Amino acid sequence: MKRLLVLALVAVAALLALHRPSVPPAIAAVSQAKPAASQHSRKGHPSRAAGAASVVYVVGAVARSGLYRLPAGARVDDAIHRAGGLRADADPAAINLAERVSDGEEIHVLRMGETAPVRDRTKRKSRKTAAPPATPIDLNAADERALAAIPGIGPTLASRIVEYRRINGPFASLDELADVAGMTQRRIAAMSAYVMVGS
């Protein structure tokens, strides 16, 4: 009786083994290959994330000067926010917040009334800062490029001065510069050595 029971159990086990689904070799090979292919796909673009980032040095009138890593397409405003924002004595008109940053760039935020240092690395290497005028220039005749060369003015304020002059007519005195957005009495006094008011 026991022998018949053992034989019956062996027969049942054999039947179960025959009906168990098996993975075809081709499917098993594809299944094992998928992780490797996926990994290869990720490795195929190793520089996509790393190469997109830019490291910039933010210094000057910001809350936390230092090195910051920014994503592709970041602008000066993004870098300043990463540095904790502008301090109360910062001069936002002296820097182009909309400019795109480049890797290795130094972003120097000037204080109110401060002039750019002699070695100004806030601009990209391809750009050259014009020398200050050797003799006073006519405020009513100078173009944006000439005005931008005045220490502490820069292209943003120069554009505003020319636009103000276009809308309101020639300046009668240097004091009228106070009506231009971003101009302060300290900045007007600093630029007085480089400009005069012509007729």
Side-chain angles (χ1 to χ4, degrees), residues 33-134 142-164 177 180-191 193-194:
K34 279 185 179 179
S38 175
Q39 185 176 6
H40 177 73
S41 176
R42 288 193 299 269
K43 289 182 178 179
H45 303 283
S47 61
R48 179 173 295 176
S54 296
V55 176
V56 297
Y57 180 44
V58 186
V59 68
V62 292
R64 297 185 303 274
S65 296
L67 291 173
Y68 295 94
R69 183 180 298 275
L70 300 170
R75 301 184 184 271
V76 170
D77 185 61
D78 299 318
I80 290 174
H81 274 88
R82 289 290 303 276
L86 298 173
R87 293 200 316 242
D89 60 342
D91 184 2
I95 190 166
N96 184 359
L97 297 175
E99 183 180 8
R100 292 186 187 276
V101 302
S102 59
D103 187 50
E105 183 177 3
E106 177 181 300
I107 300 170
H108 190 159
V109 180
L110 300 177
R111 299 190 302 273
M112 281 290 184
E114 182 183 14
T115 58
V118 176
R119 187 184 178 189
D120 186 1
R121 295 173 57 197
T122 61
K123 303 299 180 185
R124 297 183 182 178
K125 294 180 181 179
S126 60
R127 300 177 188 166
K128 295 182 179 179
T129 304
D143 59 11
E144 287 187 27
R145 184 174 180 181
L147 291 169
I150 298 173
I153 298 301
T156 303
L157 276 177
S159 175
R160 292 177 185 173
I161 291 171
V162 171
E163 182 65 13
Y164 182 90
L177 283 169
V180 178
M183 292 297 296
T184 62
Q185 289 299 328
R186 182 181 296 180
R187 179 171 277 132
I188 294 171
M191 69 181 292
Y194 300 98

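When a residue number appears, it is its place in the shown sequence, counting from 1. This is a predicted model, so every value here is computed, not measured.
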Between [X] and [Y], what is the shortest heavy-atom contact and its length?
X: Ala63; Y: Gly84; result: CB-O, 3.6 Å
X: Ala74; Y: Asp78; result: CA-OD2, 3.5 Å
X: Val162; Y: Ala142; result: CG2-O, 4.3 Å
X: Ala181; Y: Arg160; result: O-NH1, 3.0 Å
X: Ala158; Y: Ala148; result: CB-N, 3.6 Å
X: Ala61; Y: Leu110; result: CB-O, 4.0 Å

Suppose we screen for salt bridge (Lys or Arg N to Asp or Glu O under 4.0 Å). Which residues come up paired with Asp103, at least two apart in sequence or across chains? none
Do [X] and [Y] have side chains that get closer than 4.5 Å, going by heavy atoms?
X: Leu70; Y: Arg82; result: yes
X: Ile95; Y: His108; result: no
X: Met183; Y: Leu157; result: yes
X: Val76; Y: Asn96; result: no

If I take atom CZ from residue Arg75 and atom CD1 from residue Ile107, how far apart are they, to the nearest 0.5 angstrom? 12.5 Å
Can you tell me how far the OG1 atom of Thr156 sits from the CD atom of Glu99, to the nearest 0.5 Å? 9.5 Å
Can you name the side-chain hydrogen bond (donor to acceptor under 3.5 Å, both in side chains) partners of Arg87, sequence neighbours left out? Asp89
Evaluate the criterion side chain to side chain contact (heavy atoms under 4.5 Å, CB included) for residue pair Glu106 and Val56; output intermediate values, then yes/no. CA-CA 6 Å; Glu106 177 181 300; Val56 297; over 6 Å; no
List in chain and number order the residues that pass side-chain contact (heavy atoms from CB on, under 4.5 Å) with Ser65, two or more places apart in sequence or in another chain; answer none if no residue qualifies. Val59, Val62
